[in-house]
Amino acid sequence: MSVEATWALRRPRVTPVGHGRAEEPQISTREPIIQEPEGPEPEATRRAAGVTESTRANRGWWDRNADEYQVEHGTFLGDDRFVWCPEGLDEVEAELLGPPEELKGKDVLEIGAGAAQCSRWLAAQGARPVALDLSHRQLQHALRIGAPFPLVCAEAGVLPFADASFDLACSAYGALPFVADPRLVLREVRRVLRPGGRFVFSVTHPIRWAFPDEPGPEGLSVASSYFDRTPYVEQDDEGRAVYVEHHRTLGDRVRDVVASGLTLVDLVEPEWPAWNTSEWGGWSPLRGNLIPGTAIFVCVRD
């Protein structure tokens, strides 16, 4: 979910062409969270943003906004569920990492873990998870809820683990939507996976880039080019990026996986379920029943 991802699980964003409205906040089931005061409203634009700038901006953004994110989405995510996306696809039913009974004893790396809800579910199945996130504040929320497993604050593109350390890796909207060079992350994941290891990650479906990020009818008309890969950037008054999100087409994502030495074995596009009546940023039943919102890539290291 997480870097932060989460979900580019996608945070409410300020506007340029057609981005961002938030749902009403939900109340956390845990103790109250102290919110930091908000600063000036950033300017939203589209411009180039490299690896260093993107990392610095997104670390700062998630540290500042982790409290609000957990208040707003904590009830939906739960404390110990493994939810892949705003559609509500649960690993219990999806089994994208394999049958739950086969997770026992497996070493699993969660990338962009946020408050480590997915890792907590994995631990309950008998796995040995490690929860990694760029944001120190998100990992403090993992501690607040409870984390009987290692928490690591580090960049996804420079994983602080030895080669072949994990049987599985997963990322529910963590890291990959926010990095300027996703191949750095994918190559690092391949490095730390054991032969035959599986990596499953979810991101915003690339087709969504062409539509305004709105849950209502205004989010159903194409507003920009699907092929425009210029990053979405929020910047302060001095032009410094404070949030960056990167777009890759579906073909880009596939090529990134292949070029990183992984084998793509499945591409899942979750349909919107009838039970889910909630909105999450630009996700809604209206849009979800018409266009895909999430793409989940299931990859294996040979």
Side-chain angles (χ1 to χ4, degrees), residues 2-21 39-66 69 111-112 133-135 138 154-159 171 173-189 201-214 219 221-260 281-282 293-295 297:
S2 342
V3 124
E4 287 30 84
T6 234
W7 281 332
L9 269 186
R10 189 133 128 181
R11 78 178 195 84
R13 299 186 293 188
V14 296
T15 317
V17 179
H19 287 81
R21 188 171 75 79
E41 189 80 353
E43 174 196 7
T45 186
R46 299 280 294 277
R47 66 166 175 81
V51 172
T52 301
E53 184 179 28
S54 297
T55 299
R56 182 176 60 246
N58 287 325
R59 177 188 286 114
W61 192 92
W62 284 105
D63 280 344
R64 290 189 304 275
N65 291 277
Y69 180 86
I111 298 172
D133 202 283
L134 180 69
S135 166
Q138 284 281 53
E155 296 178 32
V158 191
L159 296 175
S171 185
Y173 276 85
L176 285 158
F178 309 105
V179 296
D181 187 352
R183 295 186 185 188
L184 293 177
V185 177
L186 294 167
R187 288 169 183 155
E188 277 291 271
V189 172
F201 67 93
S202 60
V203 294
T204 304
H205 197 289
I207 194 64
R208 284 292 184 97
W209 194 258
F211 293 83
D213 194 20
E214 295 288 342
S221 299
V222 171
S224 59
S225 171
Y226 168 76
F227 299 103
D228 182 359
R229 296 165 176 84
T230 308
Y232 169 86
V233 177
E234 293 175 11
Q235 57 189 19
D236 61 20
D237 292 342
E238 297 182 11
R240 292 173 298 198
V242 296
Y243 176 87
V244 182
E245 193 168 332
H246 292 269
H247 169 55
R248 308 288 285 170
T249 68
L250 196 60
D252 291 338
R253 291 286 184 201
V254 172
R255 285 185 288 275
D256 288 343
V257 167
V258 173
S260 302
T294 296
F297 295 80

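Nothing here was measured: the structure is a model prediction, and the numbers come from that model.
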Is there a donor-acceptor pair under 3.5 Å between the side chain of [X] and the backbone N or O of [Y]?
{"X": "Asp133", "Y": "Gln138", "value": "no"}
{"X": "His247", "Y": "Tyr226", "value": "yes"}
{"X": "Glu245", "Y": "Tyr232", "value": "no"}
{"X": "Ser171", "Y": "Ile111", "value": "yes"}
{"X": "Thr249", "Y": "Pro206", "value": "no"}
{"X": "Arg240", "Y": "Asp236", "value": "no"}

Shortest non-hydrogen contact between [X] and [Y], atoms and distance:
{"X": "Glu188", "Y": "Ala156", "result": "CB-O, 4.0 Å"}
{"X": "Ala259", "Y": "Arg183", "result": "CB-NH1, 3.4 Å"}
{"X": "Val242", "Y": "Trp61", "result": "O-CB, 3.2 Å"}
{"X": "Ser54", "Y": "Ala180", "result": "OG-CB, 4.1 Å"}
{"X": "Thr55", "Y": "Glu155", "result": "CG2-CD, 3.7 Å"}
{"X": "Arg208", "Y": "Gly282", "result": "NH1-O, 3.7 Å"}

Would a 4.5 Å heavy-atom cut-off, applied to side chains only, mark [X] and [Y] as touching?
{"X": "Asp228", "Y": "Arg46", "answer": "yes"}
{"X": "Trp209", "Y": "Arg229", "answer": "no"}
{"X": "Asn58", "Y": "Tyr243", "answer": "yes"}
{"X": "Arg253", "Y": "Leu176", "answer": "yes"}
{"X": "Thr204", "Y": "Tyr173", "answer": "yes"}

With a 6.0 Å cut-off on ring centres, are Trp62 and Tyr69 close enough?
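Yes - the distance between ring centres of Trp62 and Tyr69 falls below the 6.0 Å cut-off.
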
Please identify each residue that fulfils salt bridge (charged side-chain N to carboxylate O under 4.0 Å, His left out) with Arg248, with sequence neighbours left out.
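For Arg248, the residues satisfying salt bridge (charged side-chain N to carboxylate O under 4.0 Å, His left out) (neighbours in sequence not counted) are Asp256.
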
Can you name the residues that form a salt bridge (charged side-chain N to carboxylate O under 4.0 Å, His left out) with Arg56, not counting sequence neighbours?
none

Just to verify, what does Asp181 make a side-chain hydrogen bond (donor to acceptor under 3.5 Å, both in side chains) with, not counting sequence neighbours?
none

Could you check whether the rings of Phe201 and Phe297 sit parallel, tilted or perpendicular, using 30° and 60° as the cut-offs?
parallel

Point-to-point distance, once rounded to the nearest 0.5 Å, from CG of Leu250 to NE2 of His205
5.5 Å

